[in-house]
Structure formats: structure tokens, C-alpha cells
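Just below is one structure, and these are the notes that go with it.
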2 protein chains.
Amino acid sequence: MTRSTKKAAPIPSVWAREQRRSDQPALSREAIVREAIAMLDADGIEALSMRKLGARLNAGATSLYRHVATKDELMELAVDEVAAEIHVPPADSPDWRAAVTEAAGSFRTTALRHPWLTLVLGQAGLAYLGPNYMSFSERLAALFTAAGFPEPSRAIETVFSYVMGMSNAEAAWLTTVARSGETEADFIARLMPAAQRAAADHTHLAIPHAEVEEATTDPVALRDMKFAYGLEVVLDGLALRLPK
Amino acid sequence: MTRSTKKAAPIPSVWAREQRRSDQPALSREAIVREAIAMLDADGIEALSMRKLGARLNAGATSLYRHVATKDELMELAVDEVAAEIHVPPADSPDWRAAVTEAAGSFRTTALRHPWLTLVLGQAGLAYLGPNYMSFSERLAALFTAAGFPEPSRAIETVFSYVMGMSNAEAAWLTTVARSGETEADFIARLMPAAQRAAADHTHLAIPHAEVEEATTDPVALRDMKFAYGLEVVLDGLALRLPK
DNA sequence: CGCTGGTTGCGCACGCTGTTCGCATGAAGG
DNA sequence: CCTTCATGCGAACAGCGTGCGCAACCAGCG
């Protein structure tokens, strides 16, 4: 509590005036974005408000607007900041499939670490031209070009759509789990009876016993496997289109 | 204007009392959901508020809560209503690839007709157990099972993730275009110089001339082609996993 | 040293949101 | 006619993003 901003005196008095404390780093765009990301990660996308964010920075809500034009702009900054965490192997990697798998996995783990990422990305389309996001795109393009694809952007859109769709669904699921306050396995175990009952009328929706087993013991591994499976499918399909 | 709800008299007078008009279908869950979908389609997801929705139905905002528990529930109802528009061919179709292509295309056109669909779907994970959505899942499962996939849910998740990711990106793009008030081709033509300039520093992001040409003349066909391309890739990859 | 101009923080206020509560109305059943 | 019940809704609450104008500070200059 470096600054005690009690509202104390409702009467405007020169004497009872708070001193401007210039001890801490004050307010900066970097600090604001960093704290916003922390709040988004911790409490989800709808828990972030300019007022709460200001409070966490020992500042008033409207002070933020000196460094950030609008809340939407703040979200764009947060997205671009987080985009820096995505690792894309260099274009001269010997094995393009391994390299793409690495990039896709890196995007996924980033999206799961920041479950709001895909939501914000989906809401604003291609309006994100932040430097980190552009360099991410650039590296992807280099990778697919080096792999020998005649139309790399087609291949990129295909694999990226899959990765995005899967990550988005997983992030939404993890958000639901987090809100329940239980572990993923416990949450699944609790919901399973209801799911079985709902699937009872629909012949083809039955869940195999083995999957129920794994979902309640190691749900993380199950999700990892599902993601890897679909990615292999997409890469197999793409490999067919590589000129020999 | 069947009911003129002027606030007229601030003094509660028995004489100046509005007659309860029971001429129109009044208020019903169906009517509310239908009108909500209309508003969502017309003005986007953030333009829908309970007050505006009530006004469109010649009703007060809080009256809606007699038929709908909360706004989130209303969105779930809207999603399920719209899910009925998705067409999935019967399981005994002779050509499974054609059938899946049809289903995927139907999902995409539905998602583009209601650009808020993927947003809502992504925000709430698997919490959607509406009857229409379940029957959609059931039909998909039947289709992939009949096609001969040993683990149909793997295949479904793969192709659905792709379709979802692609549709979401397209819907976001179309929303941006719609907000500009221009046609898609005009919008692209206007943004192209900026895009070229932004890509100038990034060697691998150059956009082929042919694509620029088509994007500014027939953007719809270009998007159709991109979607079809990626879908073929995924289906090729899946076909490799079909037991011969 | 004093003055001045620009930057930064912020209290206030506006219009909007989802939702709760309690009351008033009309229809239905006895 | 009286009672019960479902329905509509006005008022109110807490919260939101954000524009405005003032107060406090810092840098540079005379």
C-alpha cells in the first residue's frame, strides 16, 4: 500500500491534500498491459474492467486512458504481448513436419495458458497487426515456404484453422472447469452420469469405456493425444500436396 | 405501434391507465428468441441488450425475464434455434466424403449467416445440450460411424475443429466488413495498399498477384475456394485412416 | 529564484448494461 | 363475486466504458 487514497475529506480543502507519491514506477503502458494480462489469466475475460485494473495499479480507472486509447486497444496490446510467447522453429529446420508440429503445439499451450486469447482473436478478425503477431505470421510463412509448398498461405490457413478451432474449444472447456473450482478429473467424474444419460437416447453418441476411463484419470494426456491426432491428420493431407 | 407506452403521466391516476392489449401474440419464449436472432444477425453481438430487445417486442426489458431466466440462457436458446438450420446428410449416403463436405458446408453457411454463432459457441464450451445441437452431433456421429471410422469421435473432432476455426475467422472478417459499410471487394481494395506496405518488411508475407486480383473481383468465390481446399486436406488425411 | 507550459493522475458525471423486487393488471376457476 | 395465478413493468441497484476539466507535478527558461 504505497499510496493511501482514502476519500477522507469530502470538503475540498487545500490542507487535507494527498501528496503525489512518485515512489513506484507510476503508470506506464507496459505495466498496464502486464497487469491486464495477469487479471485476464487469473479471472477470465469478463472479470477485467478498467476500474478493477486501475485499482490493482493503485490508480484511478480513468488514469489508464492517458496510456491507452480504449479498452479494445488494451486488448489488442495484450494479444500482441502474448503472441511473443509462441515459438516457431526457424525455416531451415530439417524436418518440416516436426517444425510445424512444434509451432502448432506452442500456439496451443499459449492459448491454454491465456484462455482469453482465442476469444479476442476471433472477435476482431484480421485487425491485429501488432509486431509480435506479424513476426509470428512471417515465421510461419517462412517455414511453409521452405517446406516447399507452392501456395504456403493455403497450407497455413488450413493448419491454423484446425489449431485455432481445437485450442478455442479446449480453452473454453478449461474455463468452464476452472469456474467449477474442481480439478478437471473430478469435474468430468461428476458430469459423466448426466452425459451418459443425455447420450442414452442418441445411439451413436455413446462414449467408449476406455475413453471414460482415461478422461477421469489423465484428462490432460487425453487432450494432448486428441490434439496430436487431428494435427497428424491435417499434416498427412498437406503432405500429399507437396511436390515430390 | 399496437401499444403506445408513453410515460405521459408521472402521477399515478386510475383514469390515465393503459389498457392491457391482448391483440398481438403477447410475449413468448419463441417470439423472444426469434427477435433476438434477428437483432443479432442485423447488428452484431454487442448490439443486443435486454432493453432494446424488449423495446422491439413492445415490452419492457424486465418482462422478458418471465420467459427467460437470464441473457446467457437466451443466447443458448438462440444458438440451439440456429443449430436447426445445419443440414447433415443421412448416414446411409453412398459417398461419405460428399456427405461430410455437405455437412461442413452447411455449418459454414449457417455460421456466416449468423456471425455471432461461433463466438457464443466458443465462449461456453460444451455446455450446450440443446435438442437441436444434440441431434446435429448425433447425425454427425452416425455419418462417421457409417463411413467406417473405428473411432468416429476423433475424426469428428478433427474436421469440426477445422470447420469451426475457419468459419470463426470468416465470420469475424465479415463482421469487420459489415461495420465498414462497404462491399467486401471495395473494403479489400481500400485496405490493400496498407496491407502491402505492412508486408513489405516481411519477405515471406507477400501476396501473390493472382490472389489480389481475385480478392478484389470475387472475394466470395475466393473464400469458398479456401474453405474447400482446407476441407479436402483434412478429408484426405482422414481417408488414410479408414480401414481398407 | 520564479514562471510557464506540458504531462500525468483523477473525481465527477453521463448513459448504458443485466438483473431483482414488489406492485398492478387481467384471466381463470370456484 | 371472490380468490388465485400468471404476466407485464416501473423503479432501483451495482457495475460498466469513457469524456471532461481541474489539480499536481516536472522541465526548461528567464
Side-chain angles (χ1 to χ4, degrees), chain A residues 2-32 35-36 39 43-76 123, chain B residues 2-32 35-36 39-40 43-76 78 123:
Chain A
T2 63
R3 189 187 307 191
S4 66
T5 318
K6 304 260 192 214
K7 45 185 59 174
I11 303 164
S13 154
V14 196
W15 317 111
R17 174 129 290 141
E18 291 282 341
Q19 284 300 104
R20 172 71 55 89
R21 312 283 290 103
S22 59
D23 40 15
Q24 283 310 94
L27 230 40
S28 72
R29 170 175 284 203
E30 290 75 27
I32 292 174
E35 202 65 27
M39 289 189 67
D43 303 320
I45 197 169
E46 76 280 358
L48 177 69
S49 81
M50 298 302 271
R51 289 164 149 89
K52 289 186 204 151
L53 179 56
R56 289 246 311 211
L57 291 162
N58 290 332
T62 59
S63 306
L64 307 175
Y65 285 88
R66 293 284 173 191
H67 305 88
V68 153
T70 178
K71 192 189 179 183
D72 286 351
E73 184 187 294
L74 172 59
M75 298 299 280
E76 292 192 32
Q123 209 135 21
Chain B
T2 64
R3 189 188 306 192
S4 65
T5 318
K6 304 258 191 214
K7 45 186 58 176
I11 302 164
S13 153
V14 197
W15 316 111
R17 176 131 287 143
E18 291 282 341
Q19 285 299 103
R20 173 69 56 87
R21 312 284 290 105
S22 59
D23 41 15
Q24 284 310 94
L27 230 41
S28 73
R29 169 174 286 203
E30 291 75 29
I32 292 174
E35 201 65 27
M39 289 188 66
L40 285 167
D43 302 320
I45 196 168
E46 76 280 359
L48 177 70
S49 81
M50 297 302 271
R51 286 178 223 271
K52 289 185 203 151
L53 179 56
R56 289 246 311 210
L57 290 160
N58 289 332
T62 61
S63 307
L64 307 175
Y65 286 87
R66 293 283 175 194
H67 305 88
V68 154
T70 178
K71 192 188 180 184
D72 286 350
E73 185 187 293
L74 173 59
M75 298 300 279
E76 292 192 31
Q123 208 136 19

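Chain letters run A, B, ... following the sequence lines, proteins first and then strands; every chain starts at 1. All values below were derived from every heavy atom in this structure, side-chain atoms included, with hydrogens, water molecules and symmetry-related copies excluded. This is a predicted model, so every value here is computed, not measured.
- Residue-level contact check: A:Thr62 touches the bases, meaning some heavy atom is under 4.0 Å from a base atom.
- Residue order along DNA chain C, read from the 5' end via each residue's closest nucleotide, puts B:Asp72 first among B:Asp72 and B:Arg66.
- On a pure distance criterion of 3.5 Å, a polar donor-acceptor pair joins the side chain of A:Arg51 and the base of D:dG17.
- Here the side chain of A:His67 pairs no donor or acceptor atom with the backbone of A:Ile32 at under 3.5 angstrom.
- A sub-4.0 Å separation between OP1 or OP2 of D:dC16 and a side-chain N or O of A:Lys52 is present.
- Both B:His67 and A:Ala61 lie close to DNA chain D; mapped to their nearest nucleotides by heavy-atom distance, the more 5′-ward contact belongs to B:His67.
- What separates CG of A:Leu27 from P of C:dT7 is a distance of 17 Å, to the nearest Å.
- Across all non-hydrogen atoms, the minimal contact from A:Ala47 to A:Lys52 is O-NZ, 3.3 Å.
- Across the protein-nucleic acid pair, B:Glu46 atom CD and C:dC16 atom P stand 15 Å apart, rounded to whole Å.
- At whole-Å resolution of the value, CE in A:Met75 and P in D:dC16 are 14 Å apart.
- Between the P atom of C:dT8 and the OH atom of A:Tyr65 lies a distance of 17 Å, rounded to the nearest Å.
- Atoms CG (A:Asn58) and C1' (C:dC10) sit 14 Å apart, rounded to a whole Å.
- A salt bridge links B:Glu73 to B:Arg29: at least one charged side-chain nitrogen sits closer than 4.0 Å to a carboxylate oxygen.
- One can place NZ of A:Lys71 at 8 Å from P of D:dC16, the figure rounded to the nearest angstrom.
- Rounded to whole angstrom, the span from the CG atom of B:Leu64 across to the C1' atom of D:dG10 amounts to 14 Å.
- Counting any heavy atom pair closer than 4.0 Å across all strands shown, B:Leu53 reaches no nucleic acid atom.
- For the atom pair CG (A:Leu48) and CE (A:Met75), the distance works out to 6.0 Å, reported to the nearest 0.5 Å.
- Closest-nucleotide positions on DNA chain D for A:Ala69 and A:Ser49 were compared, and the one nearer the 5' end corresponds to A:Ser49.
- A:Leu48 comes within 4.0 angstrom of sugar-phosphate atoms only, judged by non-hydrogen atoms across all strands, and of no base.
- Taking CG from B:Leu64 and CZ from B:Arg51, the interatomic distance works out to 11.0 Å, rounded to the nearest 0.5 Å.
- Per the geometry, CZ belonging to A:Arg29 stands 17 Å off C1' belonging to C:dG9, to the nearest Å.
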